[in-house]
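Please read these numbers as outputs of a predicted model, since none were measured by experiment.
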Amino acid sequence: MQPLLVRLPNHLGDACMSVPALDLLAANGFVLTLVGRAWAGDLFAPYPWRTLALAGDLLTRARSLRVAAGAAGPAARGLLLTNSFSSALDFFLARRPAAGYATDTRRWLLRPAFEIPLDWARGMHMVEYYFTLAADLVGTSAPVPRQLDLKVHSESRVRARALLDAAGVGAAYVVLCPVAVGLHRGQVKAWDGFGRLCDDLRAQGRAVVACPAPGERAAVAAVLNGAAILPSTDVGTFAALLAASQLVIANDSGPGHVAAAVGARLVSVFGVTEPTRTRPWGPAVTLVGSERGWPRYEEVAAAVATALASV
């Protein structure tokens, strides 16, 4: 058994897309400690892996890594799913060798440094990108799984059901995720049809649910008239909420990737970001739109109707 500290991506969606890589590492004898943002502990709570929330300045992060590596054992090393120079420097200052892609002028910090896959220039998906790095470390040519298969903790399912019960929502519900934080090349990442879609779903007798992140409740309430807006919760409970839904409709955002990761039916709406690399991954995902522009409302509504017809 080989101890390995895996530096997770910083964004929730990317962390979800790294699940096949993590599963491959664990299946090949690596004992994982996941290093990343504080929410990683909730997201990966069902797994036997340790987690380390990395925060603070450079020296604080290096000290935290040194302690975690010491707890993992003298042979512990790192694997960077991040591309940044700073993440490689963290491990260098912690005096632990770390492998990763030779990006961001950090080749000299990596042990070993893996070349960026040739397929990256041809539109390689992020799931494949992370999986290929793990496969290179393991020394295998295993195929990339068709779905992510993120586990959901039973306690998270109980908490999700309690939130729904408190809001008077039964077993059948649709989740809308209308917020997408930030801009992409100066353009808003959120589709503007969620309000109309909420009205149409409720007119059909569907229970519509939203679970905004902290600080997003007012924005979500302004868009989704009459929806059951649940309190903000931890990432694990949110994943359970999505897993139990009839359907999730989301922008290209973290919630969409969580939905795909837990196997929920998902209609993923794109308008400015590039689906070739970042679309939610899985057989239950329906993609509408592209980086060239938002789809017409009727296209999204048709995709939603088709998905719900199979429930």
Side-chain angles (χ1 to χ4, degrees), residues 12-13 16-17 125-127 146-150 152 160 164 169 171-181 184 187-213 216 219-220 223-230 238-311:
L12 178 60
C16 290
M17 290 188 284
H125 194 277
M126 291 303 300
V127 170
R146 292 184 63 245
Q147 60 188 52
L148 302 182
D149 198 24
L150 177 68
V152 179
L164 292 164
V169 179
Y173 59 93
V174 175
V175 179
L176 300 187
C177 305
V179 174
V181 177
H184 179 75
Q187 295 180 290
V188 176
K189 294 167 57 180
W191 179 56
D192 65 3
F194 278 100
R196 181 179 174 185
L197 182 61
C198 178
D199 292 342
D200 286 351
L201 288 169
R202 293 187 66 242
Q204 297 164 20
R206 302 278 182 183
V208 178
V209 169
C211 187
E216 294 179 357
V220 171
V223 173
L224 305 183
N225 183 42
I229 302 178
L230 307 182
F238 182 64
L241 175 74
L242 300 180
S245 69
Q246 292 179 302
L247 179 65
V248 180
I249 303 98
N251 299 295
D252 177 27
S253 59
H257 287 285
V258 176
V262 297
R265 289 183 183 85
L266 170 68
V267 172
S268 181
V269 187
F270 276 70
V272 296
T273 51
E274 187 178 359
T276 302
R277 295 194 191 279
T278 65
R279 70 188 183 280
W281 184 272
V285 177
T286 299
L287 175 66
V288 189
S290 73
E291 72 274 17
R292 295 183 299 276
W294 296 105
R296 294 181 296 108
Y297 176 81
E298 290 75 16
E299 293 177 77
V300 178
V304 169
T306 299
L308 287 172
S310 64
V311 174

**Asked** According to the interplanar angle, ranging from 0 to 90°, do the rings of W281 and H125 count as parallel (below 30°), tilted (30 to 60°) or perpendicular (above 60°)?
**Response** tilted

Spatial distance of atom [atom1] ([X]) from atom [atom2] ([Y]) [nearest 0.5 Å]:
X: L242; Y: C177; atom1: CG; atom2: SG; answer: 6.0 Å
X: W191; Y: Y297; atom1: CH2; atom2: OH; answer: 6.0 Å
X: R279; Y: M126; atom1: CZ; atom2: CE; answer: 12.5 Å
X: C198; Y: N225; atom1: SG; atom2: CG; answer: 7.0 Å
X: E274; Y: R277; atom1: CD; atom2: CZ; answer: 5.5 Å

Quick one, [X] and [Y] - any side-chain contact, counting heavy atoms below 4.5 Å?
X: T286; Y: S268; result: no
X: L201; Y: L176; result: yes
X: P178; Y: L224; result: yes
X: T306; Y: V267; result: no
X: R206; Y: L308; result: yes
X: V174; Y: V209; result: no
X: L12; Y: V258; result: yes
X: L241; Y: L164; result: yes

Where is the tightest heavy-atom contact between [X] and [Y], given as atom of each residue plus distance?
X: V288; Y: A303; answer: CG2-CB, 3.7 Å
X: L266; Y: G256; answer: CD2-O, 3.3 Å
X: A264; Y: A284; answer: O-CB, 3.7 Å
X: A207; Y: A172; answer: CB-O, 3.6 Å
X: P295; Y: G289; answer: CD-CA, 3.9 Å
X: E291; Y: P275; answer: OE1-CD, 3.2 Å

**Prompt:** H257 and M17: side-chain contact (heavy atoms from CB on, under 4.5 Å), yes or no, with the steps?
**Reply:** CA-CA 7 Å; H257 287 285; M17 290 188 284; 3.6 Å; yes

**Message:** Test side-chain contact (heavy atoms from CB on, under 4.5 Å) on S290 and F270; report intermediate values, then the result.
**Reply:** CA-CA 5 Å; S290 73; F270 276 70; 5.6 Å; no

**Message:** Does R202 have more than 12 heavy atoms from other residues, nucleotides or ligands lying within 6.0 Å of its CZ?
**Reply:** no

**Asked** Between the main-chain N or O of N251 and the side-chain N or O of S253, is there a donor-acceptor pair closer than 3.5 Å?
**Response** yes

**Item:** Derivation and outcome, side-chain contact (heavy atoms from CB on, under 4.5 Å), residues V175 and L247
**Value:** CA-CA 6 Å; V175 179; L247 179 65; over 6 Å; no

